[in-house]
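Fair warning: this is a prediction, and the values are worked out from it, not measured in the lab.
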Amino acid sequence: MLKSFCKPTIQNWSKKDSIQIGNFMFITKIEASHSFKSDEEMNIVIDYLKSIEKCDSCIMNDVIYVKFSPNHHNVKCCEKDMNSLKLQSLRKKILQQTSELQNTISNTRSSIKLHLKSQSKSQAKYELKRMKRAQTNLDKKLAVLNNLEQIIEGIDLATDQVEVVNAYKDGLCSLKKELGTNENVEQVAEIVEDLNYYTNKVTEISDLISGESL
């Protein structure tokens, strides 16, 4: 009976808003619950999938994630998964923010054109300043996104902890250099706060391996 739920469940999860890391995918338990009639049914199926190693679960920032794969067995969460999941979650968040900023810039550009046509130069000037602020913010977030992707790629290719540390270091050094060129501290305060965890993580791993501080 439970076996018949396996394939449809994995297929349904694959179609939902998930995060892919290598050959595996991660979905929040809340999102996973939409494939079931009740939480009780979900928990029974997930427990069965865990017992046959078709899925596993972990907690990141008080959110429960389910790890699964449509094509692979022996699914188990590990420390490398957690590090990658944290970075991928941040990447997803920044992607959403960049999309919103791009929409804001596009809408503001259209608004400026309308104001110029109606001879509302003062309003057009105000909207232009607003668009420039949004563009500056977008450029910074794209720089963060680029560095995050470098870190993620480095971790995916890493074969040991030393290479993981170097992947963090290289990406974060580039990121700090980029953020250091920004004169408006408020524009990057949120990004820096989001990245504090990763800076601390790099220091912790580096100290354990080499005894040196970043």
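Residues satisfying the ring-ring contact (aromatic ring centres under 6.0 Å, His included) criterion with F36, sequence neighbours excluded, are absent altogether. The side-chain hydrogen bond (donor to acceptor under 3.5 Å, both in side chains) test applied to Q102 returns no partner, not counting sequence neighbours.
The local environment of NZ in K16 is crowded, with over 12 non-hydrogen atoms from other residues, nucleotides or ligands closer than 6.0 Å.
Counting only distance, with no hydrogens or angles, the side chain of N43 and the backbone of D39 share a donor-acceptor pair below 3.5 Å. Panel note: side chain S111, backbone N107; no donor-acceptor pair is recorded below 3.5 Å. Here the side chain of Q20 pairs a donor or acceptor atom with the backbone of G22 at under 3.5 angstrom. Looking only at distances, no side-chain donor or acceptor of S18 sits under 3.5 Å from a matching main-chain atom of S14. With hydrogens and angles ignored, the 3.5 Å screen pairs a side-chain donor or acceptor of T98 with a backbone N or O of I94. S110 places a side-chain N or O within 3.5 Å of a backbone atom of S106 that can act as its donor or acceptor partner. The closest donor-acceptor contact from the side chain of S120 to the backbone of Q123 lies at 3.5 Å or more, if one exists at all.
With contacts defined as side-chain heavy-atom distances shorter than 4.5 Å, the pair K92/D17 qualifies. Between H73 and E53 the shortest side-chain heavy-atom distance does not fall below 4.5 Å. Residues K29 and Y65 are not in side-chain contact: their nearest non-hydrogen atoms beyond the backbone lie 4.5 Å or more apart. Proximity of N23 to N71: side-chain heavy atoms (C-beta onward) are nowhere separated by under 4.5 Å. Here the side chains of C6 and Y48 are in contact, with some heavy-atom distance below 4.5 Å. Contact check for F68 versus L49: no side-chain heavy atoms found under the 4.5 Å cut-off. In this structure, S57 and K50 have side chains that are in contact, with non-hydrogen atoms separated by less than 4.5 Å. Proximity of S89 to M60: side-chain heavy atoms (C-beta onward) are separated by under 4.5 Å at one or more points.
Both V45 and I27 belong to a common hydrophobic cluster when Ile, Leu, Val, Met, Phe, Trp and Tyr are linked at side-chain heavy-atom distances under 4.5 angstrom. By the criterion of side-chain heavy atoms lying less than 4.5 angstrom apart, applied directly or through intervening Ile, Leu, Val, Met, Phe, Trp or Tyr residues, I112 is grouped together with L101 in one hydrophobic cluster.
Here the closest heavy-atom approach between residue P8 and residue S4 is recorded as CD-O, 3.2 Å. The two residues N12 and S35 make their nearest non-hydrogen contact at CB-OG, 3.6 Å. In terms of heavy-atom proximity, V75 sits nearest to D56 at O-CB, 3.7 Å. Residues A124 and H115 come closest through the heavy atom pair CB-CB, 3.8 Å.
Within the structure, every pair that satisfies the salt bridge (charged side-chain N to carboxylate O under 4.0 Å, His left out) test and touches residues 119-130, not counting sequence neighbours, is listed here: E127-R130. Here salt bridge (charged side-chain N to carboxylate O under 4.0 Å, His left out) pairs that include residues 60-75, with residues two or more places apart or in two chains, are K67-D81.
Judged by distance alone, the side chains of K54 and N74 never bring a donor and an acceptor atom under 3.5 Å apart.
Atom-to-atom distance recorded for F26:CZ and C77:SG is 5.0 Å, nearest 0.5 angstrom.
The hydrophobic cluster analysis finds L114 isolated: no Ile, Leu, Val, Met, Phe, Trp or Tyr side chain comes under 4.5 Å of it, directly or through other members. I64 belongs to a hydrophobic cluster with I59, counting contacts under 4.5 Å between side-chain heavy atoms of Ile, Leu, Val, Met, Phe, Trp and Tyr, direct or through other members.
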